[in-house]
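Worth knowing before you read on, the calculation uses all heavy atoms, side chains too, and leaves out hydrogens, waters and symmetry mates. Chain letters run A, B, ... following the sequence lines, proteins first and then strands; every chain starts at 1.
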Amino acid sequence: MLPLKYIRQNAELVRQGMAHKGIETERLDQILSLDEELRAKIAHTETLKAQRNRVTQTIAQLKREGGEAQDKITSMAELSREIKEIDQGIQILQEQLHTHLLWVPNIPHSTVPVGSDASANRLVSTEGELVTHSFAVQDHLELLTALQLVDFEAGGRIAGRGFPLYTGKGARLERALINFMLDLHTQERNYTEIFPPFVATRQTTELTGQLPKLEEDMYVTTVDDLFLIPTAEVPLTGIYQGQVLSEGDLPLRYAAYSACFRREAGSYGKETRGLLRVHQFNKVELVKYVHPDASYDELETLRVDAEEVLKRLGLTYRILELCTGDLSFAAAKCYDLEVYAPAGEQWLEVSSCSNYEAFQARRGNIKFRRKDTGKLDYVHTLNGSGLATPRLLAAILETYQQADGTVVVPEALVPYYGEETLKPA
RNA sequence: GGAGGAGUGGCUGAGCGGUUGAAAGCGGCGGUCUUGAAAACCGUUGACCGGUUACCCCGGUCCGGGGGUUCGAAUCCCUCCUCCUCCGCCA
C-alpha cells in the first residue's frame, strides 16, 4: 500500500509506475478525486467539532459553577446530529478509498528495467555448465515414476490433480531437501528458524499483498475465513503486524519451512507435467525485516543465500532481474533464480527474491523507532524462496541421472538422505 | 462449548461522565558530572489525519475492534475479538 499523501503528491510518478507494471491507471484517478472530496468533508466536520468542543467546555464550566446551560445543550444537540451525518459520509469515502488503495501496486525501483513481459527481463548471470548426457535422457516425470518416488494417482484420489503423494524414498528425499536447506540458512547463515501456522487470516494475507488481487488463487476455509498459505512469506511477514521494533533489533532474518497451497486457477495445460506446477508443494522461505537504508544491500545477500542452495547441490542456474511488467504486485525489485533442467533444456523458476520496501510494512503497520530522531518509520521487508522443492527435485533427477537409470544423490544431500544413489525398483 | 476476570502510551500501571491525551515508574532522547563509561541528578519524550507546508503553529481523531446512550465517554450500555482462571470435551 502506498500512502495516500504520497500518491497525492506524486500522482504522475505513481501513474507511470502502474503503467510500467501493466496496470490500468483508472483507479488512480478515482483515488485522487475521492481524496479531494474526503478532505473537503474532513475540513468541514473538523470546524464543527472544534465548535462543539468549545461549547462543551463552556457547559462544563457553567455546571461546575451551578449555572444554567439548557439553551446551549439544546443547540448542541443539533450540531452533533450534523457532525454525525458528515462523519458517516466520511466513513463511506474512506472505505472506498481503502478498497482502491489495496489495488494500487508498489512502484518499481528506478533501476528495474522497463518492459511489459518476461522477454524484457535482464539476465544477470548464468552459473555452471549446461549439463549434457551422452545417453538418452529421461525427464523428471519418467524418473519419478521409475524410481517410485511420487504416486500422482494416489494423490489424485485423495485430493485431486496437483496434490502429489511422495512415497518411500521420495518422501525421505523430500524431507532431506527441506532439512538440508533449513540447516544451511539457520546454521551457516543468520536466519532464525520458524515453524509457522499454515493458515492465515484475511488481514494477514492482505498485508503481504496476496489479497485482494490473488484471492481466486487461494484456498480458503469458508467457515473461519482463513486462507491456506501460498507461501511462508505470509505468516513470516505477519509476525510483527501492528508492532513497533527498535532499531537495534534490525535486521531480523527468518527462515521457515511450510507447505504451500495454490489453486493456480486458469493455468491448466501449461507446465503441468509432473511436479512443475502443483497445488501443494514444500518450500523453505526467507524473510527479512530491515532498516530502509539497508534494504537493497539485504536484497543482494538474500539472493546469494538462495543461490547457495543451488551451488551446494551442484546445479546449473541463472539469475534474472525482472522487468517492471513481470514484477509482482507488491515488489519494488525482484530477482528470479532459475535452475537448469537438462531433459527439456528448460530453465525452471525455483526462487524469487524481492524487496518490498515499505509496501507491506505500511499495510501491516510494522514500524521501528529511529535511534537518531526517536521517530517512528516503516521497516522494509524482503523475502525469497530458499527454495521450493518440486522443481528443484526435478532438476536434481534430470541432472544427476545415469545411463543405467540410477540417479546419484548430490553430495550435500547424502548426509540427509542416507544413501548415495537412487535406484529403480 | 459453559461460567467468571481482564484488555489504557515502546513497556509496567493509575484513572471509572466534563481542567485526563491521559498520574507514576521503566525505557528513549538531551544535559550536568567524568579522561571515558556506569551511577546519580536536571530537563525532555505518544501516534495518526487535515490546514499550512517551515513537522513551527492551528484544528481534529485515537485508552482492544465496531456500534449505541449523552450537550459531552478511557469512564455507562450492546456486540465482536484476544488473553487469564475454573468446568466440560478432545488429544
Side-chain angles (χ1 to χ4, degrees), chain A residues 1-11 31-102 196-197 199-207 221-227 235 238-250 252 289 291-292 358-359 361-379:
Chain A
M1 172 130 35
L2 298 173
L4 190 54
K5 192 186 273 188
Y6 176 86
I7 293 176
R8 186 191 307 148
Q9 291 171 348
N10 302 279
I31 288 170
L32 292 171
S33 83
L34 283 172
D35 174 49
E36 207 165 320
E37 197 182 336
L38 175 67
R39 273 150 59 217
K41 278 196 160 55
I42 286 176
H44 186 195
T45 190
E46 284 186 356
T47 310
L48 298 181
K49 281 177 182 170
Q51 189 187 341
R52 181 181 67 185
N53 289 344
R54 274 196 305 274
V55 177
T56 288
Q57 289 299 320
T58 316
I59 293 171
Q61 197 175 349
L62 279 172
K63 290 256 180 184
R64 244 178 284 124
E65 293 166 357
E68 184 49 59
Q70 196 48 51
D71 55 332
K72 287 198 191 307
I73 289 175
T74 313
S75 71
M76 276 302 95
E78 175 55 34
L79 183 66
S80 285
R81 261 195 299 280
E82 198 180 339
I83 289 172
K84 188 178 278 187
E85 201 176 303
I86 299 171
D87 280 352
Q88 277 167 359
I90 285 175
Q91 196 178 341
I92 292 167
L93 280 175
Q94 280 173 334
E95 279 162 14
Q96 288 173 341
L97 261 174
H98 182 75
T99 305
H100 283 303
L101 284 173
L102 282 180
V199 295
T201 60
R202 178 173 290 274
Q203 187 180 321
T204 301
T205 312
E206 245 173 33
L207 96 82
T221 64
T222 52
V223 175
D224 301 302
D225 204 34
L226 287 170
F227 292 81
I239 293 175
Y240 291 107
Q241 55 189 304
Q243 304 293 301
V244 176
L245 304 167
S246 65
E247 189 171 334
D249 292 338
L250 303 177
L252 291 165
Y289 298 76
H291 191 287
F359 191 82
R362 269 190 300 267
R363 287 189 171 212
N365 196 24
I366 308 168
K367 297 180 173 175
F368 74 104
R369 192 171 294 282
R370 285 185 178 270
K371 265 209 166 335
D372 49 355
T373 60
K375 292 290 175 192
L376 295 175
D377 199 358
Y378 292 104
V379 300

Using the P atom as the point on both nucleotides, what is the distance between B/C80 and B/A74, in whole Å? 23 Å
When you look at CD of A/Glu247, are more than 12 heavy atoms from neighbouring residues, nucleotides or ligands closer to it than 6.0 Å? yes
If you only use heavy atoms from C-beta on, which nucleotide in B/U61, B/G18, B/G10 is closest to the side chain of A/Val244? B/G10
Sticking with atom P, work out how far B/G5 lies from B/C78, rounded to a whole angstrom. 12 Å
Apply the test side chain to side chain contact (heavy atoms under 4.5 Å, CB included) to residues A/Gln94 and A/His98: give CA-CA distance (whole Å), side-chain angles for both, the deciding distance (0.1 Å), then the verdict. CA-CA 6 Å; A/Gln94 280 173 334; A/His98 182 75; over 6 Å; no
Is A/Arg52 close enough to B/G18 that one of its side-chain N or O atoms is under 4.0 Å from OP1 or OP2 there? no
For RNA chain B, find the residues of residues 82-95 of chain A with a heavy-atom distance under 4.0 Å and give them by number; none if there aren't any. A/Lys84, A/Gln91
Separation of the C1' atoms in B/C86 and B/U70, to the nearest angstrom: 38 Å
Judged by nearest nucleotide, the residue sitting upstream toward the 5' end of RNA chain B, A/Val55 or A/Gln51, is A/Gln51
side-chain contact (heavy atoms from CB on, under 4.5 Å) with A/Asp87: which of A/Lys49, A/Glu82, A/Lys41? A/Lys49
Please evaluate residues A/Ile7 and A/Leu101 with respect to the criterion side chain to side chain contact (heavy atoms under 4.5 Å, CB included), reporting the C-alpha separation (whole Å), side-chain torsions for both, the decisive distance (0.1 Å), and the verdict. CA-CA 10 Å; A/Ile7 293 176; A/Leu101 284 173; 3.4 Å; yes
Pairwise P distance, B/G65 and B/G7 [rounded to whole Å]: 13 Å
Could you walk me through whether A/Leu34 and A/Glu37 pass side chain to side chain contact (heavy atoms under 4.5 Å, CB included), step by step? CA-CA 5 Å; A/Leu34 283 172; A/Glu37 197 182 336; 4.2 Å; yes
Is the shortest side-chain N/O distance from A/Ser80 to OP1 or OP2 of B/G72 below 4.0 Å? yes
Ignoring backbone atoms, establish whether A/Arg8 has a side-chain N or O less than 4.0 Å from OP1 or OP2 of B/G50. yes
Any A/Gln243 side-chain heavy atom under 4.5 Å of A/Val379 side chain: no
Stem finding on RNA chain B, please: runs of three or more consecutive Watson-Crick or G-U wobble pairs, both distances under 3.5 Å, sorted by first number. B:1-7 with B:81-87, B:10-12 with B:24-26, B:27-32 with B:40-45, B:46-51 with B:57-62, B:64-68 with B:76-80
Please check: side-chain N/O of A/Arg363 versus main-chain N/O of A/Glu206, any donor-acceptor pairing under 3.5 Å? yes
Say you pick atom P in B/G68 and the same atom in B/A73; how far apart are they, in whole Å? 12 Å
Just N and O in the side chain of A/Lys5: are any of them under 4.0 Å from OP1 or OP2 of B/G50? yes
B/A47, OP1 or OP2 - any side-chain N/O from A/Asn365 closer than 4.0 Å? no
May I ask you to verify if any side-chain N or O of A/Asn53 is less than 4.0 angstrom from the OP1 or OP2 atom of B/G60? yes
Just by distance, do the side chain of A/Arg8 and the backbone of A/Glu36 share a donor-acceptor pair under 3.5 Å? no
Tell me which of A/Lys367 and A/Gln9 sits closer to the 5' end of RNA chain B, going by the nucleotide each one is nearest to. A/Lys367
Ranking B/U61, B/G18, B/A47 by distance to the side chain of A/Leu376, first place goes to B/A47
Looking only at heavy atoms, what is the nearest atom pair of A/Leu207 and A/Gly238, with distance? CD2-CA, 4.1 Å
Are A/Asp225 and A/Phe227 close enough, and set up right, to give a side chain to side chain contact (heavy atoms under 4.5 Å, CB included), and what steps lead you there? CA-CA 7 Å; A/Asp225 204 34; A/Phe227 292 81; 4.0 Å; yes
Residues in residues 39-50 of chain A with a heavy atom under 4.0 Å of RNA chain B, by number, are A/Arg39, A/Glu46, A/Lys49, A/Ala50
Quick check: does any side chain N or O of A/Ser75 sit under 3.5 Å from a backbone N or O of A/Lys72, one acting as donor and the other as acceptor? yes
What pair of heavy atoms forms the shortest contact from A/Arg369 to A/Val244, and how long is it? N-CG1, 4.3 Å
Gap in Å between the two C1' atoms, one belonging to B/G28 and one to B/C11, rounded: 11 Å
For nucleotides B/G18 and B/U75, find the distance between their P atoms and express it as a whole number of Å. 12 Å
Testing B/U61, B/G18, B/G10 for proximity to the side chain of A/Ile59, the answer is B/G18
With a 4.0 Å cut-off, would you call A/Arg81 and A/Glu78 a salt bridge? yes
What interatomic distance, in whole Å, is found between P of B/G4 and the corresponding atom of B/C77? 15 Å
